[in-house]
Amino acid sequence: MSWSILKLLRENPDELKKHVKKRFMDEGIVDEALKLDLEWRKLLSEIQELRHKHNVISREISRLQGAEREEKIKEAKELLSLLEEYEKKLNELEAKREEALLKLPNIVHDSVPVGPDDSYNLPIRFYGRPRVWTGYLDQFRQQTERYGFKVEYELIDWKPVGHADMLELVLGMGNTVKAGEVAGSRFYYLFNDIVFLDMALLAYAIDHLTSKGYTLVLPPYMLRFKYIQGVIDYATFKDAIYKIEGEDLYLIATAEHSLAALHADEEIPEEMLPLKYVGVSPCFRKEAGAGNRDLKGIFRVHQFHKVEQFIFAKPEESWDLMEELISNAEELFKGLNLPYRVVNIASGDLGAPAAKKYDLETWMPAQGLYREMVSCSNVTDWQAYRLKIRLIRRKGMIRELVHTLNSTAIASTRTITSILENYQEPDGVVVIPKALRKYLEPFNKAPKDAIHPVKREKSS
RNA sequence: GCCGGGGUCGCCUAGCCUGGUAGGGCGCCGGCCUGCUAAGCCGGUGGGGGAAACCCCGCGCGGGUUCAAAUCCCGCCCCCGGCGCCA
């Protein structure tokens with residue numbers, strides 16, 4: 001099993017450094033990993049030689065009798081005490097090497113824009129006709145024309161109410177204050193129409209993707225450390241992952257995690273690939289690194305529902321399949337008629353697992369910004385190495401690591417915020433996207449055409 | 001949670017009591033043979049180190065006993081059956 005990153009580390013460390021440098025990470029991690037790998041291999045060879053000697057003697061003993069036998073047993077014992085020393089050193093070295101290897105990020109694909117942060121993210125296409133409030137026209141242009149795109153828009157002279165105020169004040173269908181008391185900030189209670197909307201969004205995404213042949217999965221919401229470590233890097237682990245006290249269990253931050261683990265330690269015949277899944281699960285995130293960003297409302301929260309696409313692929317197919325994933329997500333947002341752009345994420349803003357990442361960002365009329373709704377990554381063999389997910393080539397029975405890819409289909413609360421802003425009328429009514437009506441139909445009390453502002457009996 | 005049975009190469013299985021290089025079947029890969037096909041025959045079929053020869057490791061995971069552990073001992077995980085509890 002040959003991990004592309006380890007191969008590159010050994011054969012061309014300078015090339016690997018270039019990739020690390022593109023991410024604006026410390027190249028020292030490459031030197032460190034290389035050094036430890038070399039030391040480990042050297043010591044391993046020495047130990048294997050000693051073990052060999054011991055094995056030879058041990059086999060002799062079984063054929064010997066009397067004094068000769070006693071002599072050999074003594075010799076074997078001496079070898080063992082030497083080995084014990086060496087092996088202790090090896091174990092230490094091995095742990096350090098492992099740690100160093102797990103720190104290595106994926107390579108950066110050639111098509112990824114190079115830059116230290118999200119300001120270098122590159123929009124590659126736009127869809128829809130955003131509603132732009134006159135006050136935001138300049139910044140709208142900044143987010144479109146600066147990149148050479150001429151995006152048609154509808155100019156409006158009223159400023160839409162932000163999603164957070166829409167939810168709690170205008171519609172009266174959410175309560176983050178009470179949730180803050182009982183659970184903390186970034187939690188929420190949602191009521192009635194918004195809950196139906198949440199469910200309808202999930203059903204819409206599930207329906208769309210299963211129709212395309214994706215296998216529907218309800219996965220575990222918790223995983224053991226071994227598998228969590230297999231799917232994310234340390235930074236994500238620290239910022240996002242909740243632990244169950246007293247148990248080796250961690251709450252997933254996305255169904256991606258459980259879906260990746262679905263084939264851990266397995267060999268997949270190449271003719272079975274690609275394996276396409278659509279998972280639905282709650283997502284739990286600490287948002288530890290978020291500071292005060294998006295503190296209001298339900299845009300950035302500790303728990304939400306998400307429909308997630310996940311593919312296990314042959315390496316030669318993964319880049320085409322990444323395009324399939326993002327276009328699936330685009331179909332969903334086109335269906336909702338939410339104006340969006342697709343952004344090629346800059347090298348410095350990529351997570352360690354991803355070789356390339358697209359975000360789908362919808363226009364948020366009340367913020368005057370395109371905001372992330374979908375994240376779509378080709379992780380190549382980064383997760384497969386950690387989880388030991390291999391494919392078998394029929395020709396020659398060769399085993400190699402699969403590529404894994406993941407993409408949001410719909411994240412419920414975030415998409416709701418987008419709907420609250422984009423489908424908002426001046427009178428506070430929120431029109432329901434036509435594509436969702438079908439999924440609201442089965443419920444008597446679910447809204448079908450629009451969500452109406454709360455009636456305030458004593459208001460002026 | 002308790003009692004019992006189990007976890008061996010991609011899959012199935014032998015070996016465990018009685019410690020001494022893990023055997024067989026299926027599948028798959030490569031080859032031979034056969035006018036085609038089937039059958040048959042031979043070899044291969046886990047991970048790692050090494051330029052190679054070759055060597056090391058590997059029987060759910062982790063420890064222990066031993067010159068030597070799939071095999072004996074301890075802890076943990078998972079599966080099956082029974083009992084209990086419970087949505």
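Chain A is the first sequence line, chain B the second, and so forth, proteins listed ahead of strands; every chain is numbered from 1.
Distances shorter than 4.0 Å separate none of the side-chain N or O atoms of A/H52 from OP1 or OP2 on B/C55.
Remark: B/G35 base-pairs with no nucleotide in the shown strands. Criterion, Watson-Crick or G-U wobble with two distances under 3.5 Å. Base pairing of B/C2 is made with B/G82, judged by Watson-Crick or G-U wobble geometry with both donor-acceptor distances under 3.5 Å. Remark: B/C54 base-pairs with B/G49. Criterion, Watson-Crick or G-U wobble with two distances under 3.5 Å.
Heavy atoms of A/R224 sit under 4.0 angstrom from primed sugar atoms or phosphate atoms, though from no base atom. Using a 4.0 Å heavy-atom criterion, one finds that A/R10 contacts the sugar-phosphate atoms exclusively. Within 4.0 Å of A/N55, counting heavy atoms only, lie sugar-phosphate atoms of the nucleic acid but no base atom.
Between the CZ atom of A/R390 and the P atom of B/C9 there is a distance of 13 Å, given to the nearest Å. Taking atom CH2 of residue A/W40 and atom C1' of nucleotide B/G50, one finds them 12 Å apart after rounding to whole Å. Between the C1' atom of B/C77 and the OH atom of A/Y227 lies a distance of 10 Å, rounded to the nearest Å. When rounded to the nearest whole Å, the span between CZ of A/R399 and C1' of B/G10 equals 7 Å. If you take CD of A/Q48 and C1' of B/G48, they are 7 Å apart, rounded to a whole angstrom. Whole-Å rounding puts the A/D248 CG to B/C78 P distance at 10 Å. Remark: C1' of B/G48 and NZ of A/K388 are 11 Å apart, rounded to the nearest angstrom. Atom CD in A/E46 sits about 21 Å away from atom P in B/G48, given to the nearest Å.
When the side chain to side chain contact (heavy atoms under 4.5 Å, CB included) test is applied to A/N12, the partners found at least two apart in sequence or on another chain are A/L8, A/D14, A/E15.
For B/G49 and B/G82, the C1' atoms lie 49 Å apart once the distance is rounded to whole Å. To the nearest whole angstrom, the two P atoms, one in B/G64 and one in B/C12, are 31 Å apart. B/G5 sits 22 Å from B/C9 when the P atoms are compared, rounded to a whole Å. Atom P of B/G6 sits at a distance of 23 Å from the matching atom of B/G10, rounded to the whole Å. Nucleotides B/G43 and B/C33 place their C1' atoms 15 Å apart, quoted to the nearest Å. A gap of 16 Å separates the P atoms of B/C55 and B/G44, to the nearest Å. A gap of 24 Å separates the C1' atoms of B/A51 and B/G46, to the nearest Å. Atom name C1', nucleotides B/A39 and B/G47: the rounded distance is 36 Å, in whole Å.
Side-chain N or O atoms of A/Q383 include one that pairs as donor or acceptor with a backbone N or O of A/V231 at under 3.5 Å. Without hydrogens or angle criteria, A/R414 side chain to A/F299 main chain gives a donor-acceptor distance under 3.5 Å. Distance alone, capped at 3.5 Å, places no donor-acceptor pair between the A/E308 side chain and the A/G279 backbone. Not a single donor-acceptor pair under 3.5 Å links the side chain of A/E84 to the backbone N or O of A/L80. Checked by atom type and distance alone, the side chain of A/R224 never pairs as donor or acceptor with a backbone atom of A/Y250 at under 3.5 Å.
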Inset, instruction - Quick one, give me the B/S/- string for nucleotides 59-76 of chain B, reading 5' to 3', where B means a protein heavy atom under 4.0 Å from the base and S means that only happens at the primed atoms, P, OP1 or OP2. - result: --------BS--------
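The listed nucleotides are B/G46, B/G49, B/C55; the one nearest the side chain of A/R41 is B/G49.
Between A/E400 and A/R393, at least one side-chain nitrogen of the basic residue sits less than 4.0 Å from a carboxylate oxygen of the acidic one, meeting the salt-bridge criterion.
The number of heavy atoms from other shown groups lying within 6.0 Å of CD (A/E85) does not exceed 12.
Residues A/H305 and A/D198 have side chains that bring a donor and an acceptor to within less than 3.5 angstrom of each other.
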